Amino acid sequence: MQSKTTLNPQQSYAINHLGSPLLVLAGAGSGKTRVITHKIAHLIQQCGLEPRHITAVTFTNKAAREMKDRVGRLLPKNLSRNLTISTFHSLGLGMLRQECHHLGYRSGFSIYDTQDTEALVRELTAKDANEVDRSGCRWQISHWKNALIMPEAALQHAEDEIGFTHARIYARYQRQLSAYNALDFDDLVVQPVKLLEQHHDIRERWQNKIRHLLIDEYQDTNGAQYALMRLLVGVNQGLTVVGDDDQSVYAWRGARPENLARLVEDYPSLKVIKLEQNYRSTEHILQTANRLITNNSHLFEKRLWSAQELGERVRIVTCKSPEHEAERVVSEILHSQFKRRDDFKDYAILYRGNHQARPLERVLMEHHIPYKISGSTSFFEHSEVKDVLAYLRLIANPDDDPAFLRIVNTPRREIGAATLEKLGQYANQRDIGLFAASQELGLSQHLPSSARLRLERFTDWVQETSRKAQHGDASKITRSMIEEIEYRDWLMETSKKPEIAEKRMNNVVELLDWLDRLAKDRLDQSEGIGGLVAHLCLVGLLDRNSDQQTGNEVNLMTLHAAKGLEFSHVWIVGVEENLLPHHSSSEDEQLEEERRLAYVGITRARKTLSLSFSTSRTRSGEPCECEPSRFLGELPTEHVIWEDGATRASGAEVRERGKAHLANLKAMLS
DNA sequence: ACGCCACCTATTTTT
DNA sequence: TAGGTGGCGT
């Protein structure tokens, strides 16, 4: 690891460079985050730039939070306070919150997550028979948005029947969203782009606010994000982007690594700096990575070097089956951990697809080894969390029909399908939202008076709560709201077991606690409940996981999820043809992305790296033979060593080690 | 409103 | 093979 205080010449150059846009090509483990954090500190302390004029953008909330922490440690507290360090999406949300009326949105707008947009597409295609590929359509819509292609353009350029259908759905989708006064995640970048393109004055205002923009993981930017970046960078050209084309593994979701090249064209005065010294891995590992990636075509040549010792050779292990592979890996980890006296958390097992975690998980469990699988279901997928958020959404945004429908009868209010059907028709005719429709007296003619009464009770209650929310403390009102609707009872009623109801209620309580903290943090910004909810939808509660990251557990995750992390000891399993590279990635470009994925995995390792593959596995139920990945053949023979999985650890030996470990555990407990 | 059966599909995932 | 979804029946 690089010492805390020193910077190498390239890093220093990147930090000190001012006056023209800067592209930092930062190889794996070359200290790119350090460059960004130090540059921020430098801009403030040496250049006298005010913190509020600096914005740094990352791709995940976690990365943003870590960067905030690190900058905070470099600066006196009062200086880091007004910095903006956030994701593109949060940045966009902030802009929209101030300027949404210029785009026809009303304040209190809702943010729709993936599930919400899925539901919307489902609704839009309900009558179109089941001949529409819904997930494909949603996928396509997102790609259009990421490429800044508006519905009209999509319609014009549709090439086939499917494209045409999807484009028509896209147009309706977008219309529906704006009727709901709602934005999807992609809109959080696309709409700010529209805003800045259309309004010179607003653009200048934002350019004046953001005097220096820094972007991390730049190779992951998509078309819309690139456009936003360009619009935000003003005449003073305060731009620093850091990225690595060899670690671009998100093209499949719209990332455009060619944005690196575009930068050279769009900013003639661009300065390019390469960070090539790796502080992470030993020589054998680094050279293995270097060799693999030379098989890709490159825009910028880059050669990582390390001042570290040679270390151990990279091992390639042949196994009979994924089960055998899992036993082998686990046994090796036990052995190594015992021998080196290090922690389970120093070990990571990486794989291409989530399903590969299964056999590993089973074996780890058998041996009572603590492990952590990253990428579990999000907190927000729990129905109780969605319910509460839907309440808050409706209170902030009466036009949010999906929220209305979700909660109108949850808990039960005896407002049934027939009533909602009539309500929907009425709303449709008059082109208003369901909530507005249910408040209109004219509706009485269409509904029996008992239904009318129940509906009225609900809407009156929502309106009253909404009124309270405008003045009072948002989290307190949410708490009393949960009481008023007797949500706990509803959970008791609908859950199979009381323990489950309790667990679900705990989730609700956790959400409320979060709302508390959030409201306290942002008291000065006088956000409405809508603002809080929007923020919550974006930032999520992911942070709560990192709080509990004290556990000493073996890490299991996909290669994608491993990007940006490092571990002393890394295993990559399933390094097979059709798996890595994945069978659907046969074209050159896709193959290169698969190779980068392998590269990312390899460069996560500090001290030891092992790659394994099976010679057979069951594929879609059918057993099949498999070949070692072509990438293995591309590795430098002098840095790797091939081993036969069967010879090193027999089943008996695995069990033996397992027993020893178990005895260890027992000894520790007593 | 719920549960069961049949069918379909099977990368990577953040916001 | 397994898990998820949609439709239908109680």
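Here is the naming used below: chain letters follow the sequence lines, and residue numbers restart at 1 for every chain. Model, not experiment: these values are computed from the prediction.
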Query raised in the report: Between the side chain of A:Glu566 and the main-chain N/O of A:Ala605, is any donor-acceptor distance below 3.5 Å?
Result: no

Query raised in the report: Whole-Å distance between B:dT12 C1' and A:Leu556 CG?
Result: 16 Å

Report task. With sequence neighbours left out, write down each residue that passes side-chain hydrogen bond (donor to acceptor under 3.5 Å, both in side chains) with A:Lys563, or none if nothing qualifies. Result -> A:Asp220

Report task. Report yes or no: is there a donor-acceptor pair, N or O only, under 3.5 Å between the side chain of A:Thr114 and the base of B:dT14? Result -> no

Pairs under 3.5 angstrom, nitrogen or oxygen only, protein versus nucleotides 3-7 of chain B, please.
| residue | atom | partner | partner atom | Å |
| --- | --- | --- | --- | --- |
| B:dG3 | OP1 | A:Lys496 | NZ | 2.8 |

Query raised in the report: Given that A:Leu597 and A:Asn409 both sit by DNA chain B, which one's nearest nucleotide is further toward the 5' end?
Result: A:Asn409

Query raised in the report: Roughly how many Å is it from CD in A:Glu493 to C1' in B:dA1, rounded to a whole number?
Result: 12 Å

Query raised in the report: Would A:Asp246 and A:Arg596 pass as an ion pair if we require N to O under 4.0 Å?
Result: no

Report task. Could you tell me whether A:Arg358 contacts a base, only the sugar-phosphate backbone, or nothing, with contacts defined as non-hydrogen atoms closer than 4.0 Å? Result -> sugar-phosphate

Query raised in the report: Which whole number of Å gives the distance between the C1' atom of C:dT5 and that of B:dT12?
Result: 22 Å

**Report entry** Side-chain ion pair, A:Glu577 and A:Arg630, N-O less than 4.0 Å
**Finding:** yes

Query raised in the report: Just how far, in rounded Å, is C1' of B:dT14 from NE2 of A:His89?
Result: 7 Å

Query raised in the report: Of all residues at least two apart in sequence or in a different chain, which pass the ring pair (Phe, Tyr, Trp, His ring centres under 6.0 Å) check with A:Tyr599?
Result: none

Report task. With a 4.0 Å heavy-atom cut-off, tell me which residues in residues 246-254 of chain A come close to DNA chain B, sorted by residue number. Result -> A:Trp252, A:Arg253

Query - Atom P, compared across B:dT13 and C:dG4: separation rounded to whole Å - result: 16 Å

Query - Heavy-atom neighbours of A:Glu589 CD exceed 12 at 6.0 Å - result: no

Query raised in the report: Whole Å only: how far is the CZ atom of A:Arg122 from the C1' atom of C:dG4?
Result: 12 Å

Report summary line: In short, salt bridge (charged side-chain N to carboxylate O under 4.0 Å, His left out) pairs touching residues 405-418 of chain A with sequence neighbours left out are A:Asp387-A:Arg406, A:Arg412-A:Glu493

Query raised in the report: Expressed in angstrom and rounded to an integer, what is the separation of A:Trp139 atom CH2 from B:dT14 atom C1'?
Result: 11 Å

Requested in this report: Give a yes/no on whether any side-chain N or O of A:Arg412 is located under 4.0 angstrom from OP1 or OP2 of B:dA1.
Outcome: yes

Requested in this report: Could you tell me the separation between the CG atom of A:Leu350 and the C1' atom of B:dT12, rounded to a whole number of Å?
Outcome: 13 Å

Report summary line: When rounded to whole Å, the CZ to C1' distance for the pair A:Phe59 and B:dT15 reads 11 Å

Query - Cationic N near anionic O, under 4.0 Å, A:Arg262 to A:Glu258 - result: no

Query raised in the report: Does A:Glu361 come within less than 4.0 Å of A:Arg358, counting only side-chain N to carboxylate O?
Result: no

Query raised in the report: Can any side-chain N or O of A:Gln247 pair as donor or acceptor with the backbone N or O of A:Gly243 at less than 3.5 Å?
Result: no

Please list, for nucleotides 8-11 of chain B, all pairs of protein and nucleotide N/O atoms separated by less than 3.5 Å.
| residue | atom | partner | partner atom | Å |
| --- | --- | --- | --- | --- |
| B:dT11 | O4' | A:His582 | NE2 | 3.3 |
| B:dT11 | O2 | A:Arg352 | NH1 | 3.1 |
| B:dT11 | O2 | A:Arg352 | NH2 | 2.1 |
| B:dT11 | N3 | A:Ser584 | OG | 3.4 |
| B:dT11 | O4 | A:Ser584 | OG | 3.0 |

Requested in this report: For C:dG6 versus B:dT11, give the span between their C1' atoms, rounded off to a whole number of Å.
Outcome: 24 Å

Query raised in the report: Is A:Glu576 salt-bridged to A:Arg617, going by a charged N under 4.0 Å from an acidic O?
Result: yes

Query raised in the report: Could you state the CD-P distance from A:Glu593 to B:dT13, rounded to the nearest angstrom?
Result: 13 Å

**Report entry** Sidechain N-carboxylate O distance under 4.0 Å for A:Arg134, A:Glu123
**Finding:** no

